[in-house]
Protein chains: 2
Amino acid sequence: METEYETRPREAIARILRAEPRFLSAAELCARLEESGTPVSRATVYRTLERLAAKGEAALRLNDRGEATFMSCDNGHHHHAICRSCGRVEDVACGALDTFVDRLRSLHGFQLDDHSLEFHGKCRSCV
Amino acid sequence: METEYETRPREAIARILRAEPRFLSAAELCARLEESGTPVSRATVYRTLERLAAKGEAALRLNDRGEATFMSCDNGHHHHAICRSCGRVEDVACGALDTFVDRLRSLHGFQLDDHSLEFHGKCRSCV
DNA sequence: AGGATTTTGAGACTCGTTCTCAAAATGCCG
DNA sequence: CGGCATTTTGAGAACGAGTCTCAAAATCCT
Ligand SMILES: [Zn+2]
Ligand SMILES: [Zn+2]
Ligand SMILES: [Zn+2]
Ligand SMILES: [Zn+2]
């Protein structure tokens with residue numbers, strides 16, 4: 001069998017993630033866990049984050065230093081607007097680019113000054 | 001003063017990058033340099049890539065394992081379509097999303113099956 | 001060639017991430 | 001309640017990409 005246990009570390013990690021609209025690194029998560037009186041080892045933090053990401057309950061993002069960061073994130077396909085100064089993340093539903101920008105300005109009050117866009121698929125010679 | 005020298009390692013690296021429409025990691029670059037009879041140390045490879053990226057002659061990208069990869073890339077703002085199987089990169093000029101997708105299909109013959117989009121700027125509370 | 005300056009390479013080092021494995025926790029069943 | 005099989009955890013070793021150091025080599029200028 002392969003049952004799943006509900007453990008203190010897992011709950012503590014999930015609680016912190018759910019309360020923060022930001023991508024947190026494993027190190028930051030460790031620090032917060034320590035502060036909140038529920039220290040969790042690095043190994044467990046990584047294992048739990050990997051598990052959450054696999055279940056689609058957390059989004060994984062590599063920051064500009066290549067470190068893995070995680071954020072609580074519901075399943076559906078959408079994109080992220082990330083604040084340069086505080087890191088706050090606004091979820092933006094997928095649609096045409098213009099709609100995106102409009103929504104960012106009006107709905108989220110987000111001042112857009114840069115974006116990165118990457119397509120993935122198969123090139124001509126790979127069908 | 002601070003003159004720049006034209007050296008064998010730098011030329012070898014630039015030559016490989018210019019011939020490959022793919023993002024290459026420092027390790028891959030080292031291997032190719034070795035093969036082509038011009039071994040270059042890791043340190044120099046990293047220094048040269050950093051230099052090229054700073055001059056806007058190479059694009060930097062973190063792959064899904066967080067490793068830095070580089071590709072010869074001209075200055076202007078544009079986006080990338082990356083083949084899932086061979087890694088070939090098609091440059092796509094910036095414009096509305098619909099135009100992007102059309103261009104990918106017709107001009108590049110690129111079969112799009114996923115994309116990632118990230119906005120950067122300032123959130124409401126950071127002005 | 002001579003010499004000031006820049007560049008290189010070998011290897012030590014850093015640090016994020018993964019691995020190992022014995023100890024602890026969990027849930028179940030008698 | 002105790003055992004008990006199973007899962008999870010933690011401390012620390014191991015790993016690997018990237019950076020740093022500094023003496024030796026290369027480059028350019030005269
Ligand atoms: Zn902000
Ligand atoms: Zn989308
Ligand atoms: Zn391809
Ligand atoms: Zn653009």
Side-chain angles (χ1 to χ4, degrees), chain A residues 1-17 20 22-55 57-71 82 87, chain B residues 1-17 20 22-55 57-73 82 87:
Chain A
M1 209 112 335
E2 213 178 81
T3 344
E4 286 213 336
Y5 292 173
E6 284 177 19
T7 67
R8 194 173 314 254
R10 289 181 180 172
E11 282 165 7
I13 291 171
R15 191 178 331 120
I16 291 181
L17 279 188
E20 278 281 341
R22 287 171 183 76
F23 281 93
L24 298 176
S25 69
E28 288 169 323
L29 221 25
C30 274
R32 304 226 183 172
L33 288 162
E34 187 103 46
E35 290 168 17
S36 60
T38 330
V40 177
S41 72
R42 260 168 306 149
T44 298
V45 167
Y46 279 110
R47 283 185 290 234
T48 304
L49 291 173
E50 182 185 22
R51 210 169 120 273
L52 288 174
K55 292 201 295 178
E57 294 175 11
L60 163 64
R61 169 174 191 263
L62 298 175
N63 67 19
D64 52 4
R65 287 202 306 278
E67 300 168 359
T69 62
F70 297 83
M71 184 181 64
I82 304 178
Chain B
M1 207 107 341
E2 215 177 80
T3 345
E4 286 215 335
Y5 293 175
E6 284 177 17
T7 67
R8 194 174 313 256
R10 288 180 180 171
E11 281 165 8
I13 291 171
R15 191 175 333 120
I16 292 183
L17 279 188
E20 279 280 342
R22 286 172 184 74
F23 282 93
L24 298 176
S25 68
E28 287 169 324
L29 221 24
C30 274
R32 304 226 183 171
L33 289 162
E34 186 102 46
E35 290 168 19
S36 59
T38 328
V40 177
S41 71
R42 256 171 309 146
T44 297
V45 168
Y46 280 112
R47 281 184 290 233
T48 305
L49 291 173
E50 183 185 21
R51 208 168 121 274
L52 289 174
K55 291 203 294 179
E57 293 175 12
L60 162 64
R61 169 174 190 263
L62 299 175
N63 67 18
D64 53 4
R65 288 203 304 279
E67 300 168 1
T69 62
F70 298 82
M71 184 181 64
S72 172
C73 198
I82 303 178

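Note on naming: letters A, B, ... go to the chains in the order of the sequence lines (proteins, then strands), and numbering restarts at 1 for each one.
Between the CG atom of B:N63 and the C1' atom of C:dG16 there is a distance of 15 Å, given to the nearest Å. Rounded to an integer number of Å, the gap from CG of A:L24 to C1' of C:dG16 is 16 Å. Atom CG in A:L49 sits about 14 Å away from atom C1' in C:dT18, given to the nearest Å. With rounding to whole Å, A:L29 atom CG is found 15 Å from C:dT17 atom C1'. Rounded to whole angstrom, the span from the CZ atom of B:R10 across to the C1' atom of C:dG9 amounts to 14 Å.
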What does the B/S/- profile of nucleotides 11-21 of chain D look like, 5' to 3', with a 4.0 Å heavy-atom cutoff to protein?
BB----SBBBB
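Listed by chain and number, the residues in a side-chain hydrogen bond (donor to acceptor under 3.5 Å, both in side chains) with B:S36 amount to none (sequence neighbours excluded). Among residues two or more places apart in sequence or in another chain, the side-chain hydrogen bond (donor to acceptor under 3.5 Å, both in side chains) test is passed with B:R10 by none.
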Using a cutoff of under 3.5 Å, can you pull out all pairs of nitrogen or oxygen atoms linking the protein to nucleotides 22-30 of chain C, with atom names and distances?
unit_1, atom_1, unit_2, atom_2, d
C:dT26, O2, A:Y5, OH, 3.0

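Considering every non-hydrogen atom in both B:A59 and B:F23, the closest pair reads O-CE2, 3.6 Å. The shortest non-hydrogen separation linking A:L52 to A:I13 is CD1-CG2, 4.5 Å. The shortest heavy-atom contact between B:C30 and B:V40 is SG-O, 3.9 Å. Listed here is the closest heavy atom pair of A:I82 and A:G87: CG2-O, 4.1 Å.
Within 6.0 Å of atom CZ in A:R51, more than 12 heavy atoms from other residues, nucleotides or ligands are found, so the atom counts as buried in its surroundings.
Salt bridge absent: A:R22 and A:E28 never bring a charged side-chain N and a carboxylate O closer than 4.0 Å.
For the side chain to side chain contact (heavy atoms under 4.5 Å, CB included) test with A:L49, the passing option among A:L60, A:L24, A:L17 is A:L17; the others fail.
In terms of position on DNA chain D, the residue among A:V40 and B:P9 whose nearest nucleotide sits closer to the 5' end is A:V40.
B:T69 has its side chain within reach of B:S25: a pair of non-hydrogen atoms, C-beta onward, lies under 4.5 Å apart.
The salt bridge (charged side-chain N to carboxylate O under 4.0 Å, His left out) analysis of residues 30-50 of chain B, with sequence neighbours excluded, yields the pairs B:E20-B:R32.
For the helix from C:dA1-D:dT30 to C:dG30-D:dC1, the axis fitted to the five pairs at one end and the axis fitted to the five pairs at the other end meet at an angle of 20° (nearest 10 degrees).
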